[in-house]
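Because the structure is a prediction, the values reported are computed rather than measured. So that the names make sense, note that chain A is the first sequence line, chain B the second, and so on, each numbered from 1.
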Amino acid sequence: MDPAVPIPDPPREYRLFRRRLLVALLVGGLMVGAVVIRLIALQLLDHRHFDALARGNRIRTLPIDPPRGLITDRHGIILAENIPSYELVINRDEVQNLHRTIRRIRAIVPLRPEDLRLFWQLVRVEPPYEPVPIRRDLSSRAAARLAVNLPSLPGVSIEAHLKRFYPLGPIAAHLLGYVGPIHSRELRQNPGRLYNAGSDIGQEGLELSYENLLYGIPGRRTVEINVGGGLVRVLRTRPPVPGDSLILTIDARLEAIAHAALGQNAGAVVAIDPKTGGILAMASTPSYNPNRFVNGISNADYARLADNPLRPLFNRALQGEYAPASTIKPFISLAVLNDRVITPETTIYCPGTFVLPGTTHVYHDWQPWGHGVTDLRKAITQSVDVFFYHMAVDLGIRRLDTFVRQFGFGRSPPIDLIGARAGVLPSPAWKLAHTGKPWYEGDTVISGIGEGFWLVTPLQMATALATLATHGHRFRPRVLHAILDPMNHRIDRMAPEAETPIRLDAPGLWSIVIRDMESVIKNPTGTAHGIDYGLRYPLAAKTGTAQVSNLDRNDFGNYHLLPKDERDNAIFIAFGPIPHPRIAVAVFVEHGVAGALTGAPIARRLIDADLSSLGLPPERQPYASLADPAPPATRR
Amino acid sequence: MAHWEGLQRASDVASRIALPISDASARDRDSGSFGPGWTGYLHLDGILLSELALLSLFGLVSLYGAGHGHFTLVEKQLIRVLLGFAVLVAVAQVPPVYYRLAAPWFYAASLLLLTAVLVYGHTRLGAQRWLDLGFVRLEPTELMLLALPLMLTRHLSAAPPPPDWKRIGASLILIGLPLALILKQPDLGSALLIGLIGVFCLFLSGIRWRYLVIGLLLVAASTPVAWHFMHQYQRERILIFLNPERDPLGAGYHIIQSQIALGSGGLFGRGLLHGSQTQLDFLPESTTDFIFAVIGEQFGLLGAFALIFLFLLLVQRTLWLATRMDARFGRLWTVTLAFIIFLYLVVNVGMVSGLLPVVGEPLPFISFGGSSIVTLMAGFGSIMNLSREPRLTHSR
């Protein structure tokens, strides 16, 4: 060890430290100076040079929109496809004066105010180097007129691309939805930079629900361009990955028949395959032409649709909430049988009115003179209101509620479409939460015939009916049958998703109610006997007529005296053929007077079309593009 | 010598324990921070803390711009920043004696990790730098950038200056071990940084000028030898630095594109999310090493200057704290940390602006990445704590 151990001398040490720090600061200052000078040189002195490099003669990546997946029905009939179309695009980096350029374009082709509004909107959010469309869907004449003028319009170009087309127009419009140009708001969120200005994006229905499958992955083309914006050469291309095609469980023929059968009425039809949960048809009228939306609907057109009192844009099948009226009776019958409130042999005398013990309010039957002695069979066949007033009161709202909830009432169905509503399953808790008033016994009475607070959607009703038809086996309702990958033509089938089945104490109860529903059509006194003529297979059905206006009692005979919007809603549910049901239908017709009158014929047409063409009673025929047959039916 | 060391440590401890309360409040007034409030209570420095927070915020905004306006990176980085601040506060609560005691362990652990990275590390861009620990990807080089100066500071502050040749020799070994391991990865940039930090430590500890000059001459003489041992891509980088147009679409691409980005930004910049170089992905590594080009493109010269100014403020405050310290160790360590920040800044900005070769060093607090932010925050925690050490004298 060094003999001369240095003796600490803090002041001297500190002076040394200060000196060294000073030297370091000097060197550091020089370094910062060099960096600062360099930055000034780059960013101030050579700014023009680098700016030109960044803007001008350089490499650019252009997006290539992926072709959107097709949508077909179960037999391969195309419901949504892509057809070529031309659009006018402005590349602002190469335009001297945007307003002058637009004026010159307007001299050649007319531009709608909506086009310009969307254009300026996109201009605000898009960086200057991104091309922005100004007019979509040019006619070939307009495209040609512009094409000859393009040399005098630098920065303006015509681009061919694919646009969405719905060949069936208003048929299944609500189900399919539509695509439209992406909004600036959506573009800003733009997950993963998938979309570009002018990309189409699903706005409603299936196009919205399955946007992630249908859209695909955009490609990129890296090109070298010169100062004028002209293409010098393509350096590399990453092709887009087309979106997946969807094969639906929908039968386009049934869909068209449902649409036609509803005719001028406002209403909805939902047909479902009880053994898979697959939706066969889902129609809502009045409808609209989705093709108008594809290139951005004009304000006038949109106002016409939005202001129509019949609300054509509203999807009644998913979102229309109606009182189920008498169509709820089969479900209540199951409840009372299961809870042993009655047996199938129990009879009740129906004088035509019902009064709660200890009160004075009179509840009427639809038939003023009553039905006399009534058992369950007769109660369902003739839709005896008084019988079900008794049932509801004897069962109590709580038990009624718990039992019927199992069929999916009061919650939105787990369908693969966005926007299905939940309806209302009346309960004391619900009433207190939504009206602030306690539950009265009278509320229970009218709940027994599906009036009062009850609200169901057509989809809910069809799903519940399908559950009844399969003796409690429940399947998640769905529209998507299979996904077709266009790259390798592989088909990915969606297996039916079974949910926990409803179990009754005695399995035989299902058949009892179903047989009673059969006599709604078969029995000459049945409310829907009118559609029995020529029926070649056993159907189970139930009619329903929901009061709309506050009239004291139904007055079918004189409905033509009432203004249209005070007539009752018509509801009709049916499924068949009975031993092995293949289709369950719920029909809702607004102001259709009576379920038997307007609803039943629509259901008959639909079921006839589905069953008769196939021949009875084999399995459903193979799906169009699939080799294997439909999944094996649920056992009885 | 051991005797001296022991005595000094004892006196440090004694003075810390025997601190009169009135003296503590005097020190708080003296250090010019927010006074004896919560920062004083937590051994923190309010000004330094706000400068760090401001820098981190600047970094998050830049990441938002570099990440095409998505919050994914920003969110991840925010978590790291918050973790960093937590570590900072935690480190500031440790009695300062432990920094010196922990130094050898920290150094040894970093050395071990550096060895591990050579064995198990993940290769990225031709170099093994990452250690995947399952939950976090660790870059041991970042740890070493703090562990080495800490160890050196401890070693060099054990005796009064100037260090004798034995002490210098031991220091050179301390520097040489990690240097060799990092060169083996190979990571030329970090190795140079480590070397520079080591030399700076020696310089600040009062090494005689003649040793310094001899050392520099030796390094200059060995450059051709080093060239011989360099990897092809490292040679390429240096050649590209000398002439970027050698390969405009290949190795020179980084420098050209980042200069275009900076240059096209001009005085005021092209605006957040409106820089074509960044948004069209012309700028490589825009969220990490080249994030300064993103700032220059989007916020222009003013934005770039603002960031540099913020960094210099940070360095200034750190140095100011160092001049208020009595203990040799604390002083040396604090100035070295300021130097590390400064070096990172100059090397990164120099690289992005084409003043230096592309060495692949991040911009601390701004670049996306966790290891550097957490280790540096720990360093700042320690110096804040050291700055709260009692002063022995007030007159100088």
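Ranking A:V36, A:L25, A:L45, A:L16 against chain B, the residue ahead of the rest is A:V36, based on heavy-atom pairs under 4.5 Å. Per-residue heavy-atom pair counts under 4.5 Å with chain B were compared for A:D9, A:V23, A:D46, and the maximum is reached by A:V23. Looking only at heavy-atom pairs under 4.5 Å with chain B, the residue among A:R38, A:R20, A:E13 that has the most is A:R20. The residue among B:L301, B:T72, B:V315 with the most heavy atom pairs within less than 4.5 Å of chain A is B:L301. Among B:G269, B:G350, B:G300, the residue making the largest number of heavy-atom pairs under 4.5 Å with chain A is B:G300.
Of the possible polar contacts, one joining the B:H274 side chain to the B:L272 backbone as a donor-acceptor pair under 3.5 Å is found.
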Less than 3.5 Å apart, which donor and acceptor atoms pair up between the side chains of residues 200-212 of chain B and the rest of the protein, not counting sequence neighbours?
from	atom 1	to	atom 2	distance (Å)
B:S205	OG	B:C201	O	3.4
B:S205	OG	B:L202	O	2.8

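Proximity of A:I158 to A:E87: side-chain heavy atoms (C-beta onward) are nowhere separated by under 4.5 Å. B:L319 has its side chain within reach of B:V335: a pair of non-hydrogen atoms, C-beta onward, lies under 4.5 Å apart. A 4.5 Å side-chain heavy-atom check between B:S286 and B:I291 finds every atom pair outside the cut-off. Residues B:L332 and A:F17 have side chains not in contact (no heavy-atom distance under 4.5 Å, counting atoms from C-beta outward).
Looking at B:F309, neither its backbone nor its side chain comes within 4.5 Å of chain A, counting heavy atoms on both sides. If you measure heavy-atom distances from B:I260 to chain A, the contacts under 4.5 Å come from both the backbone and the side chain. Both the backbone and the side chain of A:A34 come within contact range of chain B, judged by heavy atoms closer than 4.5 Å. Within the 4.5 angstrom heavy-atom criterion, only side-chain atoms of A:R12, from C-beta onward, approach chain B. Looking at B:L312, the atoms closer than 4.5 Å to chain A (heavy atoms on both sides) all sit in the side chain, from C-beta outward.
In this structure, B:R324 satisfies the cation-pi test against B:W320, with its NZ or CZ atom closer than 6.0 Å to the six-membered ring centre and inside 45 degrees of the ring normal.
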